[in-house]
Amino acid sequence: MGDEGRGWDQRYAEGCHAFREPDGFLIRAWKQHVQPRFPSPGSALDVAGGLGRHALWVAAQGWQVTLVDSSQVALAQVQAAAEARGLKLNLVCSDLRQYDFGHERFDLILVFFYLERALFPALQQALRPSGILLYKTYTREQLRFERGPRNPEHLLEPQELGRAFPGLRVLDYRESITDRAVAEYAGQRS
């Protein structure tokens with residue numbers, strides 16, 4: 001495990017990132033884009049899924065879910081939560097820069113509050129035809145706030161996420177500034 005995984009292990013052990021409910025964007029996008037296109041459950045990937053709030057919710061909808069994260073502490077907590085709910089998840093501890101996303105493996109890919117631009121092509125290729133990518137993360141406008149990421153490598157430029165996946169059809173895209181500055185993207189592979 002690299003330094004990144006150890007850093008997140010410490011954060012999760014200290015109880016940070018204790019969100020348990022799925023992000024509102026996931027719920028909206030699910031109703032508007034995923035459910036209508038996938039009346040039967042498929043396979044999903046939760047990228048840098050942390051404590052599994054999204055993976056657990058999607059698995060509860062009957063989907064086969066793989067969660068990849070670099071923190072063994074987070075994955076242990078996800079496993080316990082899945083067992084308590086009677087859910088089965090495929091949990092993978094990996095540095096995402098080393099993870100093999102494969103080709104046309106997933107019907108749905110979730111990325112929330114994680115940004116590694118070098119992975120954009122792999123995410124796009126990992127979607128099956130008609131597959132959907134849901135992506136939400138911080139924009140550079142987040143620098144207006146005292147909390148949140150400060151490193152430009154972890155902040156999107158204006159409209160960047162909307163152009164990041166040229167092989168996908170944009171289903172929904174918005175940038176907003178409320179209590180934080182984020183971009184929300186839903187795209188579908190042809």
Side-chain angles (χ1 to χ4, degrees), residues 1-35 37-102 105-116 119 122-123 126-128 131-138 142 147-149 154 178-180 182-186:
M1 174 182 18
D3 291 340
E4 181 178 337
R6 281 190 290 277
W8 280 106
D9 277 349
Q10 183 176 351
R11 291 179 194 170
Y12 287 125
E14 292 170 354
C16 84
H17 291 78
F19 301 112
R20 298 290 180 199
E21 296 300 315
D23 191 275
F25 171 59
L26 172 60
I27 305 301
R28 285 191 317 274
W30 188 271
K31 291 176 184 173
Q32 293 173 351
H33 306 297
V34 178
Q35 253 181 340
R37 290 168 175 83
F38 291 98
S40 299
S43 63
L45 173 67
D46 189 357
V47 176
L51 295 175
R53 64 183 174 141
H54 301 116
L56 291 164
W57 189 87
V58 172
Q61 312 310 307
W63 283 58
Q64 295 177 352
V65 181
T66 297
L67 183 153
V68 181
D69 198 276
S70 63
S71 170
Q72 294 176 351
V73 170
L75 294 177
Q77 291 181 31
V78 174
Q79 182 64 39
E83 288 173 3
R85 297 177 189 188
L87 300 172
K88 184 175 180 183
L89 298 173
N90 178 29
L91 302 176
V92 179
C93 187
S94 177
D95 178 327
L96 285 156
R97 293 166 296 209
Q98 307 298 321
Y99 181 69
D100 179 9
F101 289 89
R105 283 178 60 192
F106 301 100
D107 299 303
L108 175 65
I109 297 177
L110 310 173
V111 186
F112 281 77
F113 300 104
Y114 176 80
L115 181 59
E116 179 69 51
L119 297 180
L123 293 172
L127 281 173
R128 290 184 176 139
I132 294 176
L133 171 66
L134 301 180
Y135 205 127
K136 179 176 180 176
T137 198
Y138 296 103
Q142 184 65 26
R147 295 176 48 146
H154 303 295
T178 54
D179 58 332
R180 58 187 167 182
V182 296
E184 298 174 336
Y185 173 92

- Query: So which of Phe113, Phe112, Tyr114 actually passes ring pair (Phe, Tyr, Trp, His ring centres under 6.0 Å) with His54?
  - Reply: Phe112

- Item | Non-neighbouring partners of Phe106 that pass ring pair (Phe, Tyr, Trp, His ring centres under 6.0 Å), sequence neighbours left out | none

- Item | Derivation and outcome, side-chain contact (heavy atoms from CB on, under 4.5 Å), residues Val47 and Tyr99 | CA-CA 10 Å; Val47 176; Tyr99 181 69; over 6 Å; no

- Check: Gln64 side chain, Asn90 main-chain N or O, donor-acceptor pair, under 3.5 Å: no

- Should the heavy atoms of other residues, nucleotides or ligands under 6.0 Å from CD of Glu116 be counted, would the total exceed 12? yes

- Message: For Gly42, is there any backbone N or O sitting under 3.5 Å from a side-chain donor or acceptor partner on Asp107?
- Response: no

- Query: So do Leu91 and Gln79 actually touch side chain to side chain, heavy atoms under 4.5 Å?
  - Reply: yes

- Query: Taking atom CD of Glu21 and atom CZ of Arg53, what is their separation to the nearest 0.5 Å?
  - Reply: 9.5 Å

- Could you pull out the closest heavy-atom pair between Ala186 and Leu134, with the gap in Å? CB-CD2, 3.6 Å

- Note on the structure: Closest non-hydrogen contact found for Leu89 with Ala55 is CD2-O, 3.8 Å

- Minimum-distance pair of heavy atoms, taken over all atoms of Val78 and Gly52: CG2-N, 3.6 Å

- Note on the structure: Rounded to the nearest 0.5 Å, the CG atom of Leu127 sits from the CG atom of Leu133 at a distance of 6.0 Å

- What distance separates Phe25 CZ from Trp30 CH2, expressed to the nearest 0.5 Å? 13.0 Å

- So, do Leu110 and Leu26 sit near enough that their side-chain heavy atoms are less than 4.5 Å apart? yes

- Message: If you define the side chain from C-beta out and look only at heavy atoms, does anything of Val111 sit under 4.5 Å from Tyr185?
- Response: no

- Message: Can you tell me how far apart CG (Asp69) and OG (Ser94) are? Round to the nearest 0.5 Å.
- Response: 9.5 Å

- Closest approach of Pro41 to Gln61 (non-hydrogen atoms, all atoms of both residues): CG-O, 3.9 Å

- Message: Distance check, rounded to the nearest 0.5 Å: Ile132 atom CD1 versus Arg128 atom CZ?
- Response: 13.5 Å

- Should Arg147 and Arg180 be marked as a side-chain contact (heavy atoms from CB on, under 4.5 Å) after you check the CA-CA gap, both sets of side-chain angles, and the distance that decides it? CA-CA 9 Å; Arg147 295 176 48 146; Arg180 58 187 167 182; over 6 Å; no

- Heavy-atom closest contact (Ala126 atom, Ile109 atom, distance): CB-CD1, 3.8 Å

- Evaluate the side-chain proximity of Val68 to Leu96: yes if any heavy-atom separation is below 4.5 Å, no if none is. yes

- Item | Nearest-0.5 Å distance, CD of residue Gln32 to CD1 of residue Ile27 | 11.5 Å

- Close aromatic pair by centroid cut-off 6.0 Å: Tyr138 and His154: no

- Can a salt bridge be assigned to the pair Lys88 and Glu83 using a cut-off of 4.0 Å between side-chain N and carboxylate O? no

- Can we call the ring centroids of Trp63 and Trp57 under 6.0 Å apart? no

- For the pair Thr66 and Arg105, evaluate side chain to side chain donor-acceptor pair (under 3.5 Å) and give the outcome as yes or no after the intermediate values. CA-CA 11 Å; Thr66 297; Arg105 283 178 60 192; 5.2 Å; no

- Message: Looking at every heavy atom in both Leu56 and Ala81, which two are closest together, and how far apart are they?
- Response: CD1-CB, 3.8 Å

